[in-house]
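Treat the numbers as computed from the prediction; the structure is a model and nothing was measured.
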Amino acid sequence: MDRRDILKTLGLATVGNALLPFGNLAKGATSDFSANENGSLPSRRKLGKSLEVSSIGLGVQNMSRTYQTTIPNRKEMHRIIQKAFDNGVTLFDTAEAYGPFECEKILGEATSSFRDKIVIETKYGWNIGQETGKRLPGLNSKPEHIKIVVEGMLKRLKTDRIDLLYQHRVDPKVPIEDVVGAIQDLIKEGKVLHYGLSEPGVETVRRAHKIHPVTAIQNEYSLLWRGPEKKIIPLCEELGIGFVPWSPLGVGFLTGAIDENTRFAQGDIRGNETRFSPENIQQNLKLVKVLKDWSVKKEATPAQISLAWLLHQKPWIVPIPGTTQMSNMLDNIGADRIKFTNAEFKEFNTTIDAVKIAGERLPPFVQQFSDVEAPVKKK
């Protein structure tokens, strides 16, 4: 089964970071902002009331298979994860759907020696055979299934608990009250410490939060896609929920690695996104031009400017860029060193607000799984 067939089977491309985390693909030397003198990130942030993490995390979704469908060297993926930890990264993101299972295994293999010093977040919710790893149609957040999934996660991650467990997408057939009830059982057993939701409907978040506080929401958010600014980010601020942007570099677009001449491999979801179509990409490249101009002003890379913009939005926003290249990982975490003055941030926002993004962020068969409200529990 090729990747396009997998997308059709899932009704989703690659269910990735929260759907599609992506690293800085631009080649070249890492900027001087990669690490401080101690080789570590200079700041920490808090998700929810108590979960402290590094200001920038690492998504590992592409470490089993890239968008271009190549298979990365496993030992090199281990080295990237370990080097990220050495440089202060404490938040690592994965999901059972990535592989399936393989990225959880890669992360578990790489972090076993320092497991107690990091935060691992993973996600359940797609309908995946637990014995076979086969992708089955649709979603599955039935309480009994969640508990079985978590047992498999613990084994693959080589751990006794999951620090932050997300529902990967809201199941339209299972009341969120039943989902949170299962999570509460797992929390009582010590197998889960915190929980979150990915791409949820607003009312579903409110209902879940009333039962047990939600620690974080994981949605796509970047300069290329600013949808969460309408409802989700204000909701997080109201309820004290952390926000973890997946695809914070716009599936590579904000790094400058994609231009009007880029052609995507068969099975690469970006080939199905109209924001990258020939009729739209020229307009959207105006945003990259802004980033390149500011990267010169700030002596940084376009990727770092993009991530620094996210960090400047709210103190409880923690992006999780993914990559399969060591230099890009170091470049990404270096974004924490870049600061905007109030005047600079106002000027930057004025410039990017003038660029209207053309095209949709996802194909309809993928987008249908976002902003879903869970059914009301019958009394």
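- With hydrogens and angles left out, the side-chain atoms of R45 and S55 include no donor and acceptor closer than 3.5 Å.
- Sorted by first and then second residue, the ring pair (Phe, Tyr, Trp, His ring centres under 6.0 Å) pairs with a member in residues 310-338 read H312-F340, H312-F345; sequence neighbours excluded.
- Ring centroids of H168 and Y98 are separated by less than 6.0 Å, placing the two rings close together.
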**Request:** May I have the step-by-step check of side chain to side chain contact (heavy atoms under 4.5 Å, CB included) for I241 and L47, ending in yes or no?
**Result:** CA-CA 7 Å; I241 299 173; L47 298 175; over 6 Å; no
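- Taking the centre of each ring, W225 and F253 stay at or above the 6.0 Å mark.
- Every residue meeting the side-chain hydrogen bond (donor to acceptor under 3.5 Å, both in side chains) condition with E238, not counting sequence neighbours, appears here in chain and number order: R206.
- A salt bridge between D293 and K289 is present, with a side-chain N of the basic residue lying under 4.0 Å from a carboxylate O of the acidic one.
- Close placement of the W309 and Y221 rings is indicated, their centers lying within 6.0 Å of each other.
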Only distances under 3.5 Å count here; give the side-chain donor-acceptor pairs of residues 100-111 to other protein atoms, sequence neighbours excluded, each with its distance to 0.1 Å.
residue	atom	partner	partner atom	Å
E102	OE1	R74	NH1	3.0
E102	OE1	R74	NH2	3.0
E102	OE2	K105	NZ	3.3
E104	OE1	R156	NE	2.6
E104	OE1	R156	NH2	2.8
E104	OE2	E96	N	3.4
E104	OE2	T122	OG1	2.7
E109	OE1	R74	NE	3.1
E109	OE1	H78	NE2	2.8
E109	OE2	R74	NH2	3.3
T111	OG1	L107	O	2.7

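- Under the 3.5 Å distance criterion, with hydrogens and angles disregarded, a donor-acceptor pair is assigned to the side chains of Q218 and E121.
- No side-chain donor-acceptor contact under 3.5 Å links N332 to the backbone of A335.
- Between the side chains of N62 and T324, not a single donor N or O lies within less than 3.5 Å of an accepting N or O.
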